[in-house]
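Notes follow the structure.
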Amino acid sequence: MANPTMSANTNWVIITGASSGLGKALASEFAAGSFNLFLTGRNEVALEQVAAECRQKFNVETRIFPVDLSTVNGIDSLIQSLFRTDLEYSVLVNNAGFAVKGEFTALDVECELQLMNVQLSAMLKLTRAVLPKMLERKAGRILNVASVYSFASVPFQAVYSACKAFMMSFSTSLSNELQGTGVTVTTIYPGITQTAFRSRAGIAEKNKAAGMPAEVVARIAYSATLKGRKDVVPGIVNRLFVFFARHLPPSLFARVVSFINNQRGVNKYSEKLL
């Protein structure tokens, strides 16, 4: 259910990357909790389909704004759209993201910079845009979707893992700043999740059934967000990953991660792993 401290006129959630995968699952979870949805993503047709499903199944209001968050103009246009209305947003979900894999010198640096825009610039600008009103109302929730890679350096996904480490540090700092304000920051650190995310990044899995279903991750994230929990690592395998990442030397664990990813069929150049 929706947080009872939040009135109906502020019961809107913004979800980025909502057209598929974990974002779509999060939209369903929040709609089931009677939150109205402001959904954004690149695929307008898919966004409208998610919105329509949630309207019909959960009887909530929905709005969509198709946009490419890999550009500064796209991020700014989204923020402008959010505040063209009198809607008040009680929850912000920074979920949008993509990854690229390969040797850093072989990858297009412009693509890496676009990745940073989606993962970091969009998160920072959206948070900065909605936070003042939340503080005025002394009520609000922010959910940042990070990754177990926040805790580890990941060869062949160097920029992606660095972005997730930034997200973890920023979220922890902001959460501390906001103590006692009525606004909370929750960060979830999923591992492999059963979505189309990895295939779009060119990451092939030998085991197609590996990882947690997106719906399970979304349910955990939704509950933790409304409870105001700070950090959530879903699943025993992911918690073990984080435990070893925290206790092994970073350079050693980077080699371990590279070896594991090679065994999963993720890394391209196995001769360079160890």
Side-chain angles (χ1 to χ4, degrees), residues 12-31 35 37-51 54 62-82 89 91-101 110-131 141-150 157 159-168 170-171 174 185-190 193-203 214-215 217-218 221-222 225:
W12 282 83
V13 55
I14 304 163
I15 303 177
T16 67
S19 57
S20 63
L22 183 55
K24 178 180 178 179
L26 284 164
S28 182
E29 283 297 319
F30 278 95
F35 282 88
L37 306 176
F38 191 110
L39 307 178
T40 183
R42 290 190 303 173
N43 189 326
E44 182 173 4
V45 174
L47 273 181
E48 183 51 56
Q49 183 177 2
V50 173
C54 290
T62 65
R63 299 195 183 187
I64 68 168
F65 188 77
V67 69
D68 183 356
L69 296 180
S70 69
T71 69
V72 174
N73 287 340
I75 298 169
D76 291 344
S77 68
L78 170 59
I79 292 171
Q80 292 168 9
S81 175
L82 290 171
Y89 305 103
V91 183
L92 167 64
V93 179
N94 289 305
N95 169 72
F98 71 94
V100 293
K101 78 173 182 73
E110 290 302 320
C111 186
E112 300 279 34
L113 291 170
Q114 290 172 10
L115 184 157
M116 293 175 67
N117 276 336
V118 175
Q119 300 278 6
L120 303 182
S121 297
M123 175 191 69
L124 292 176
K125 285 195 166 188
L126 283 166
T127 301
R128 182 61 180 83
V130 303
L131 191 52
R141 299 287 185 265
I142 297 170
L143 170 62
N144 291 330
V145 179
S147 165
V148 292
Y149 282 177
S150 300
Q157 295 182 62
V159 175
Y160 176 80
S161 59
C163 286
K164 293 304 186 182
F166 180 104
M167 183 180 284
M168 176 174 68
F170 169 74
S171 300
L174 185 60
V185 179
T186 298
T187 312
I188 189 165
Y189 302 93
T193 306
Q194 294 173 14
T195 70
F197 175 88
R198 304 185 71 79
S199 61
R200 285 198 299 268
I203 301 173
E215 293 75 15
V217 178
Y222 171 79
T225 300

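Not measured: the values here are computed from a predicted model. Below, each value reflects all heavy atoms present in this structure, side chains not excepted, and no hydrogens, waters or symmetry copies.
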Report yes if some heavy atom in the side chain of [X] is under 4.5 Å from a heavy atom in the side chain of [Y]; otherwise report no.
{"X": "Thr127", "Y": "Val185", "value": "no"}
{"X": "Val100", "Y": "Tyr160", "value": "no"}
{"X": "Cys111", "Y": "Phe98", "value": "yes"}
{"X": "Cys163", "Y": "Leu115", "value": "yes"}
{"X": "Phe170", "Y": "Thr187", "value": "no"}
{"X": "Thr186", "Y": "Arg141", "value": "no"}
{"X": "Leu37", "Y": "Val13", "value": "yes"}
{"X": "Leu126", "Y": "Leu82", "value": "yes"}

Q. For Val145 and Val217, what are the C-alpha separation, side-chain angles and deciding distance, and is it a side chain to side chain contact (heavy atoms under 4.5 Å, CB included)?
A. CA-CA 10 Å; Val145 179; Val217 178; over 6 Å; no
From [X] [atom1] over to [Y] [atom2], what is the distance, rounded to the nearest 0.5 angstrom?
{"X": "Ile79", "Y": "Phe65", "atom1": "CD1", "atom2": "CZ", "answer": "10.5 Å"}
{"X": "Leu143", "Y": "Ile14", "atom1": "CG", "atom2": "CD1", "answer": "12.5 Å"}
{"X": "Thr71", "Y": "Leu113", "atom1": "OG1", "atom2": "CG", "answer": "13.0 Å"}
{"X": "Asn117", "Y": "Leu124", "atom1": "CG", "atom2": "CG", "answer": "10.5 Å"}
{"X": "Ile75", "Y": "Met123", "atom1": "CD1", "atom2": "CE", "answer": "10.5 Å"}
{"X": "Asn95", "Y": "Lys24", "atom1": "CG", "atom2": "NZ", "answer": "13.5 Å"}

Q. Step by step, would you call Cys54 with Phe30 a side chain to side chain contact (heavy atoms under 4.5 Å, CB included)?
A. CA-CA 9 Å; Cys54 290; Phe30 278 95; over 6 Å; no
Q: Test side chain to side chain contact (heavy atoms under 4.5 Å, CB included) on Leu78 and Phe38 and set out the steps.
A: CA-CA 11 Å; Leu78 170 59; Phe38 191 110; 3.9 Å; yes
Of all heavy-atom pairs between [X] and [Y], which one has the smallest distance, and what is that distance?
{"X": "Lys164", "Y": "Ser150", "answer": "O-OG, 2.9 Å"}
{"X": "Ala25", "Y": "Ala214", "answer": "CB-O, 3.7 Å"}
{"X": "Val50", "Y": "Leu39", "answer": "CG1-CD1, 3.9 Å"}
{"X": "Asn43", "Y": "Ser19", "answer": "O-CB, 4.1 Å"}
{"X": "Gly41", "Y": "Leu47", "answer": "N-CD1, 3.4 Å"}
{"X": "Leu26", "Y": "Ala221", "answer": "CD2-CB, 4.1 Å"}

Q) Considering the options Leu92, Val93, Thr40, which one meets the side chain to side chain contact (heavy atoms under 4.5 Å, CB included) requirement together with Ile15? A) Val93
Q. Are Ser70 and Asp68 close enough that a side-chain donor and a side-chain acceptor fall under 3.5 Å?
A.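 Yes, Asp68 and Ser70 have a side-chain donor paired with an acceptor closer than 3.5 Å.
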Q: Take Tyr189 and Met168, measure what side chain to side chain contact (heavy atoms under 4.5 Å, CB included) needs, and give me the verdict at the end.
A: CA-CA 9 Å; Tyr189 302 93; Met168 176 174 68; 3.1 Å; yes
Q. Sub-3.5 Å donor-acceptor pair from the side chain of Thr16 to the main-chain atoms of Asn94, do we have one?
A. no
